[in-house]
There are 2 protein chains.
Amino acid sequence: MEKLTIKDIARLADVSTATVSNYLNGNYSRMSEKTRKRLSDMIRETNYVPSSVARGLATNNNKTIGVSVADITNPFTSTVLSGIYDACGKLGYTVVFTNASSDSQIEIDNVNKLKHQEVSGLIIDPVDAENAIFKTLNNDSTVMIDRQAAAVRIDSIVTDNFNAVSQFIGDMKKSGYADEDLYFISWPLQNVSTRMERYRGFKSATGITDDSHLILVDDVGDNEYFVSQIKQIMNKKRNGKVGFFTMNGRVLLHLLKAMQKLGYRYPDDVGIGSYEDLDWMEIIQPGISCIHQDSFNLGVNAVNTLVHKLQDEKTKHFVPQLIEVPTMIKKRGSY
Amino acid sequence: MEKLTIKDIARLADVSTATVSNYLNGNYSRMSEKTRKRLSDMIRETNYVPSSVARGLATNNNKTIGVSVADITNPFTSTVLSGIYDACGKLGYTVVFTNASSDSQIEIDNVNKLKHQEVSGLIIDPVDAENAIFKTLNNDSTVMIDRQAAAVRIDSIVTDNFNAVSQFIGDMKKSGYADEDLYFISWPLQNVSTRMERYRGFKSATGITDDSHLILVDDVGDNEYFVSQIKQIMNKKRNGKVGFFTMNGRVLLHLLKAMQKLGYRYPDDVGIGSYEDLDWMEIIQPGISCIHQDSFNLGVNAVNTLVHKLQDEKTKHFVPQLIEVPTMIKKRGSY
DNA sequence: CTGTTAGCGCATTCAG
DNA sequence: CTGAATGCGCTAACAG
């Protein structure tokens with residue numbers, strides 16, 4: 001079970017290490033048909049696999065890409081990571097994984113580690129897209145996903161938040177909801193692009209310009225204030241039916257909890273829609289109408305555009321692009 | 001923005017690379033107080049970070065641990081990974097990530113890759129704990145989690161499936177459910193240890209020895225047969241109320257879907273319990289009584305026992321152990 | 001076509 | 001206490 005080195009198989013095949021190296025790298029033109037066959041056999045017999053770290057040292061390119069995710073616990077994120085791994089595998093890249101647990105400080109540490117880890121490229125799903133650490137990154141070897149900075153200086157692949165919500169709300173309106181009865185529920189916007197874009201889509205579709213229809217929740221605590229706000233809205237007793245749109249699945253959970261506490265039921269007493277499509281949204285009754293995003297492909301997309309940049313030696317200094325991937329509206333019974 | 005090497009800072013500090021190396025590795029006794037301080041300053045000023053790949057080559061220990069998970073998309077798994085990353089960070093280890101997408105063949109590829117990646121150790125969350133590939137692994141540098149092989153040859157950290165279910169079912173019985181009215185719903189057991197152990201717990205608590213109370217579902221398709229089975233059971237009209245225990249959250253989803261389709265409601269028409277505690281189980285009404293496992297700590301635990309083995313140079317040839325971590329029962333309103 | 005020879009960045013003797 | 005030399009496994013000129 002000893003580790004074989006390039007020397008061993010060179011000796012066994014009675015050639016130089018250089019020839020072996022050439023074989024390993026597909027430079028078959030630099031050897032006779034005969035030795036090529038001999039090496040092929042030798043390597044298969046001995047089950048030899050070249051050391052990637054030695055190769056990394058020599059070439060200064062270890063074919064690994066570093067990934068920093070905001071929160072691996074988020075179902076969206078884990079699906080993205082799944083896509084990243086899949087695409088990396090197909091391209092022969094290894095992925096070293098890093099998780100910020102939604103903490104900007106940890107995110108800084110992670111990016112620093114990754115930078116010094118001598119990875120070939122970086123994929124970043126940022127906690128805070130405006131984090132100063134990202135200014136130290138080079139667009140030639142990194143791509144960002146999901147959340148974007150106000151000034152895009154790194155290629156960013158994001159879902160089409162604005163249009164998706166705008167269209168979804170448009171559908172609700174067609175179903176009879178009036179602008180003034182529609183509300184957008186979200187975690188504090190905090191300059192997070194996904195939240196802001198979705199909210200922007202809401203405002204655009206409803207024509208509401210102030211923030212009177214923006215309701216905030218926290219993901220911790222009892223959220224009594226939130227419940228009271230919902231109650232107040234429901235009590236207003238307008239002609240039309242109230243419609244709530246939640247910024248993501250967890251926010252929806254809070255809304256459902258509140259509705260339950262207040263004794264309201266959808267879609268009879270109120271209409272509901274949400275960003276994000278989680279498995280339980282299809283099961284609970286009635287199903288939640290929502291916006292589905294193809295997170296797996298977002299991950300695949302990210303590594304493809306990254307590796308493309310990595311391998312295009314000449315064309316350096318790419319100009320940062322914002323790539324928006326489409327979403328899909330799932331109409332179920334919640335409004 | 002050039003890359004600094006050990007040579008550079010050796011030159012800058014006017015010492016040899018060996019001294020720098022000693023400093024880097026904490027061998028302060030091998031240099032004067034003076035040069036130590038100088039190096040300390042130099043390194044801080046230049047922001048120098050030693051190359052981990054070069055170090056890996058030289059020491060044959062790159063302080064990275066390879067992780068193979070069965071399915072990163074599973075909320076249980078992503079939480080475990082979160083714990084793994086956290087613990088690795090604290091110990092200065094890098095994690096290279098691998099995902100089998102529930103495919104045994106991919107799992108083989110992943111483990112092979114990892115083995116040749118020259119990682120210091122391996123953590124494996126297996127798709128198939130009996131996969132022959134695992135026989136090529138050494139217990140001195142790997143630990144398995146979640147699922148265990150029939151014959152444990154690698155340290156395995158698993159949740160206490162048997163006792164948890166046994167106790168949970170015991171609680172249901174105390175609430176008035178009769179043995180013959182209790183059913184265990186699961187994906188096909190397929191020799192998967194977690195499923196088998198949970199089922200064993202069910203059988204132990206109910207005293208049912210045959211498989212007449214084992215109901216299987218698939219995670220794909222309409223599961224019409226499953227629905228018809230549920231219907232049949234509900235139609236039996238015994239004195240007591242029927243109680244279903246589902247093997248995990250997704251199976252529960254199928255059960256809820258079926259109940260919905262058939263027009264039954266819990267806890268009035270039927271009692272429900274489940275393994276796994278997902279966020280929506282607390283929200284839907286009534287909440288689902290379930291068995292909660294501390295997946296994050298399972299990951300942490302795995303890293304700690306692995307690194308312990310890796311660093312204990314002398315005591316090799318550890319005897320494989322099965323470590324069971326406790327669970328917690330969450331009583332809500334579903335039965 | 002094939003072999004020799006330097007490094008890649010660092011750690012580790014072994015002398016001084 | 002310090003430094004020169006050697007090697008980790010592999011690649012990349014450069015010679016032959």
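Chain letters run A, B, ... following the sequence lines, proteins first and then strands; every chain starts at 1. Remember, predicted model here, so these are calculated numbers, not experimental data.
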Atom [atom1] of [X] and atom [atom2] of [N]: how far apart are they, to the nearest Å?
X: Glu118(A); N: dG9(C); atom1: CD; atom2: P; value: 9 Å
X: Tyr48(B); N: dG9(C); atom1: OH; atom2: C1'; value: 7 Å
X: Ile6(A); N: dG3(C); atom1: CD1; atom2: C1'; value: 13 Å

When you list every nucleotide of DNA chain D with an atom under 4.0 Å from a heavy atom of chain A, which one comes first 5' to 3', and which comes last?
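Range of nucleotides within reach of chain A: dC8(D) to dC14(D).
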
Looking at Arg11(A) and Asp8(A), is there a salt bridge between them, counting it only when a charged N and a carboxylate O are closer than 4.0 Å?
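A salt bridge is present here (some side-chain N lies under 4.0 Å from a carboxylate O).
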
Salt-bridge test for Arg44(B) and Asp41(B): reply yes if a basic N is under 4.0 Å from a carboxylate O, no otherwise.
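Counted as a salt bridge, because a side-chain N and a carboxylate O are separated by less than 4.0 Å.
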
Nearest-0.5 Å distance that lies between atom [atom1] in [X] and atom [atom2] in [Y]:
X: Phe296(B); Y: Thr79(B); atom1: CZ; atom2: OG1; answer: 9.5 Å
X: Ile124(A); Y: Leu114(A); atom1: CD1; atom2: CG; answer: 7.5 Å
X: Ser78(A); Y: Ile72(A); atom1: OG; atom2: CD1; answer: 5.5 Å

Can you give me every donor-acceptor pair (side chain of residues 141-149 of chain B, partner residue at least two apart or in another chain, under 3.5 Å) with its distance?
{"unit_1": "Arg147(B)", "atom_1": "NH1", "unit_2": "Val127(B)", "atom_2": "O", "d": "2.6"}

Smallest separation among heavy atoms of Asp14(A) and Arg38(A), with atom names:
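Taking Asp14(A) first and Arg38(A) second, the nearest heavy atoms are CB-NH1, 4.1 Å.
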
Can you give me the closest heavy-atom contact between Ser120(B) and Leu310(B), atom names plus distance?
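So the minimum-distance heavy-atom pair works out to O-CD2, 3.2 Å.
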
Within [range], residues whose heavy atoms come under 4.0 Å of DNA chain D:
range: residues 8-33 of chain B; result: Val15(B), Ser16(B), Ala18(B), Thr19(B), Ser29(B), Arg30(B), Met31(B), Ser32(B)
range: residues 34-44 of chain A; result: none
range: residues 51-63 of chain A; result: Ser51(A), Ala54(A), Arg55(A), Ala58(A), Thr59(A)

Take a 6.0 Å sphere around CG of Asn60(B) and say whether it holds more than 12 heavy atoms from other residues, nucleotides or ligands.
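For Asn60(B), atom CG is not crowded (no more than 12 foreign heavy atoms under 6.0 Å).
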
Do any N or O atoms from the side chain of Ser101(B) and from the backbone of Asp103(B) form a donor-acceptor pair under 3.5 angstrom?
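No, the answer is negative, given that no donor and acceptor are paired below the 3.5 Å cut-off.
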
Is a donor on one side and an acceptor on the other found under 3.5 Å between the side chain of Thr59(B) and the backbone of Arg55(B)?
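Yes, the answer is positive, given that a donor and an acceptor are paired below the 3.5 Å cut-off.
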
With Lys309(B) as reference, evaluate Asn139(B), Asp140(B), Asn304(B), Asn138(B) under the side-chain hydrogen bond (donor to acceptor under 3.5 Å, both in side chains) test and give the passing residue.
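Result: among Asn139(B), Asp140(B), Asn304(B), Asn138(B), Asn139(B) is the only option passing the side-chain hydrogen bond (donor to acceptor under 3.5 Å, both in side chains) with Lys309(B).
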
Which atom pairs, one a donor and one an acceptor, fall under 3.5 Å between side chains of residues 82-96 of chain A and the rest of the protein, sequence neighbours left out?
{"unit_1": "Tyr85(A)", "atom_1": "OH", "unit_2": "Thr98(B)", "atom_2": "OG1", "d": "3.4"}
{"unit_1": "Tyr85(A)", "atom_1": "OH", "unit_2": "Asn110(B)", "atom_2": "OD1", "d": "2.5"}
{"unit_1": "Asp86(A)", "atom_1": "OD2", "unit_2": "Lys90(A)", "atom_2": "NZ", "d": "2.9"}
{"unit_1": "Thr94(A)", "atom_1": "OG1", "unit_2": "Gln117(B)", "atom_2": "NE2", "d": "3.1"}

